[in-house]
Structures are given as C-alpha cells and as structure tokens.
Amino acid sequence: MSDETRTDGGAVSAAGSDQPAGLLAEIDAYRVALYLGLLAILAFFLIPIESGLVTSFKTSSGVSGTLPFAPPTPEVFTLAKWQAAFDALARGLINSALYAVPATVISALLGSFAAYGITQSNWKPKYKAPILALFVAGIFIPYQAVLVPLSQFWSMVPLQEALGFVWALGISSDYTGVVELIVTHVAYGLPICTVLFRSYYKNMSEEMIEAARLDGASIRRVYRRIVLPLSGPMFAVVLIYQFTQIWNDLLFTLVLVQTESSTAAPIVLILAGLGQSLEGQDFALRMAGAFIAALPTLAVYIMFGEEFAEGVAT
C-alpha cells in the first residue's frame, strides 16, 4: 500500500512523508555552499596576514629561499627580527601614544558636546541645519587638500616659543610637532565624531530628557546626568575609529614631524623606513615591525569590543 495508517484512523501519503526529507537536503546543500563561500572569503583575507606573520619569523635567507606563506622550518626560524623591530620602534610607540590618546579623547568629547547641542538644544531648525551641513562637509575634505594650508598655518603659529617653559625642563623642542598633531587630528576628526554622536542622540528617548527639563535640570545637567552615562556604546565606536585613524596616519606626520630621525618621530614614520638599506629590503624585519605597530589598535578594539558592537547596532 502507498499510504500509512495514522493512529487516529487517517492516512498519510508516502509521497508527502518524503517531502520534508527533500526540503532538509536542499537546506543542507545551501548551508554547505554558504559555509564554503564564507571560508573562501575568510582565507582570501587571512592569507596575506598569515604570510606576513610567518615571514616575520624567518631569517633573511629563509625569506628568499621559501614560499611566502610556508611556515618557517627550524633552520630558518628566528625571533631576532621581532627583537630588532621592537628596539627600533619603541621610541615611536611612545611618541604615537603621546598624541593619539589625547587627540582621540578630546575629539570624542568635543564631538559629543557638539552633537548634543545640535540634537537636544532649543535652537530653531533653520540654525541647526547649516551647522550640521558644515560638519558633514568637513568629513569629505581629503587629507591631501589641507596639507599645504596646514603647513603654512603652523609655520605662522609661534608654538615653539610659546612652549619655551616646557623645553626649559629638558624636553626636546622636537615635540612641538606632537602638539601640532594633537590639535590637527582633533580638528580633522571633529566632524565625523559629531555626525556619529548625532545619529546616536537622535534615537535617544526624548521623554526622559523632557522630564528632566521639567524638573528644572539645565542643559548642562541633562547632559552630565543623563546623556553622558548613556553614551558609552557610541563613545566606544568613536574611540576605536578615531584611535585607528590617528595611529595609522602618515600624511600629517610627514608634514608636521617630517623625519624619522626626530626625537618625536611617531611609529608610522619610523616604520616607513624600517628594513631599508643599500643591500635591499629586509622583509622579515618590516613584517615584524608592521605587526608591532598594529598591536595598540588591536588592544583598543579588544578593550571596547562589546561596547563597539552595541554602539554599531544602535
């Protein structure tokens, strides 16, 4: 018989019982293809990283005598490249942190202040719109377009003379470039920080803020007691984004610090010339230096990873 008897006296078609199995097989095939595609994309992005990592553990002869993605054999394995890269970049790590950390924090705070003023203040919309348009326009100004005006501006500012009391303490005057980098990155990063915070504050509960105002809270008190404590996820997004952009920037560094021999040379400037000599490029040394330079940004993402995911989701 082609039908099976049910417990309630009915019948179930054998053809009908085969349909779920066929559907399950179709879903499984789709999932297998999907996972294979995702693995292929993952391998496409990870192979260059894997090649650079294994190269950093090879001797110079091992780099030229083995495939780029092949793990180092015991004969060519060495940690000397990492030690040499760290010795060369240690000064740059400190110098980069001296301007990347304050510039990131200041630009995030100022962006939060500006976004709060645009979204939650009692300004008329006809005043808010032009100010917001200026912030949005600032995002699309390329670095290359401001290099010459930036150089001319800082050449006219007597910053080195104004900070003479700092140099009197024994600190090298080369660190004038670090101060210039802080101000420059704050100014350049303020538009994107403001726009990001504005999108977050636009979705904030207006009833809660209005209730605080009815209780007599001023605009500053509302920000300090309500808005700022709720801004943690978006602060994580802005801090990670800004720190990564500032830490990896080379153009402003070339204009304001100029040379890797400077006492205040950041890590990206030192890294640009690492491993170069008349004999050729030491690729293992350069790869080790690149991974060392990337560690701080990776650490920041790990520190604020959960808040970053929450901020992006909102």
Side-chain angles (χ1 to χ4, degrees), residues 42 45-74 76-105 143 172 174-175 177-178 181-182 185 189 236 239-305 308:
L42 180 65
F45 283 100
L46 288 184
I47 285 178
I49 299 177
E50 186 270 343
S51 299
L53 185 61
V54 298
T55 298
S56 66
F57 290 105
K58 296 178 181 179
T59 61
S60 299
S61 59
V63 172
S64 59
T66 60
L67 294 175
F69 51 83
T73 60
V76 300
F77 178 83
T78 181
L79 295 176
K81 302 298 183 181
W82 281 80
Q83 182 63 50
F86 181 79
D87 293 341
L89 298 175
R91 170 173 56 94
L93 283 169
I94 298 174
N95 293 334
S96 292
L98 287 177
Y99 71 85
V101 173
T104 299
V105 174
Y143 280 28
S172 173
D174 289 347
Y175 283 93
V178 170
L181 283 171
I182 293 175
H185 281 295
L239 289 175
I240 290 176
Y241 175 83
Q242 271 295 92
F243 184 82
T244 303
Q245 294 294 315
I246 296 173
W247 186 270
N248 294 329
D249 171 64
L250 180 62
L251 284 178
F252 287 161
T253 303
L254 284 172
V255 172
L256 300 178
V257 181
Q258 297 182 352
T259 174
E260 65 182 85
S261 60
S262 170
T263 307
I267 190 170
V268 289
L269 198 56
I270 301 174
L271 182 63
L274 187 67
Q276 294 183 355
S277 63
L278 296 176
E279 292 77 17
Q281 296 193 21
D282 190 337
F283 291 104
L285 182 60
R286 292 180 67 85
M287 291 298 102
F291 280 100
I292 291 175
L295 288 178
T297 55
L298 180 61
V300 169
Y301 183 81
I302 293 175
M303 288 172 57
F304 300 104
F308 178 83

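Glu50 and Phe69 get closest at one heavy-atom pair: OE2-O, 3.0 Å. Of all heavy-atom pairs between Leu98 and Ile182, the closest is O-CD1, 3.7 Å. Leu250 and Val268 get closest at one heavy-atom pair: CD1-O, 3.9 Å. For the residue pair Ile270 and Ala88, the shortest heavy atom distance occurs at CG2-O, 3.6 Å. The minimum heavy-atom distance linking Gln242 with Gly189 is given by the pair NE2-CA, 3.5 Å. Minimum interatomic distance between Pro266 and Leu181 (heavy atoms only, all atoms of both residues): CG-CD1, 4.3 Å.
Taking CG from Leu256 and CG from Leu251, the interatomic distance works out to 10.5 Å, rounded to the nearest 0.5 Å. Interatomic distance, Leu285 CG to Gln83 CD, rounded to the nearest 0.5 Å: 11.5 Å. Going from atom CZ of Phe57 over to atom OG1 of Thr78 covers 10.0 Å, rounded to the nearest 0.5 Å. Lys58 NZ to Ser64 OG: the interatomic distance, rounded to the nearest 0.5 Å, is 10.0 Å. Separation of atoms OG (Ser96) and CG (Leu89) is listed at 9.0 Å; rounding is to 0.5 Å. Between Ser60 atom OG and Phe283 atom CZ the span is 10.5 Å, to the nearest 0.5 Å.
The side-chain heavy atoms of Phe77 and Pro74, taken from C-beta on, include no pair separated by under 4.5 Å. Annotation: side chain of Leu269 is in contact with side chain of Val257 (closest heavy-atom distance under 4.5 Å).
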Please output the side-chain donor-acceptor pairs of residues 286-305 that fall under 3.5 Å, not counting sequence neighbours, one pair per line with the distance.
unit_1: Arg286; atom_1: NH1; unit_2: Leu274; atom_2: O; d: 2.6
unit_1: Thr297; atom_1: OG1; unit_2: Ala294; atom_2: O; d: 2.7

Where do Ile267 and Asn95 land on the side chain to side chain contact (heavy atoms under 4.5 Å, CB included) test, with the steps shown first? CA-CA 7 Å; Ile267 190 170; Asn95 293 334; over 6 Å; no

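Of the residues Tyr99, Trp247, Tyr143, the one that meets the ring-ring contact (aromatic ring centres under 6.0 Å, His included) test with Phe252 is Tyr143.
Applying the salt bridge (charged side-chain N to carboxylate O under 4.0 Å, His left out) test to pairs two or more places apart or on separate chains, none has a residue in residues 239-249.
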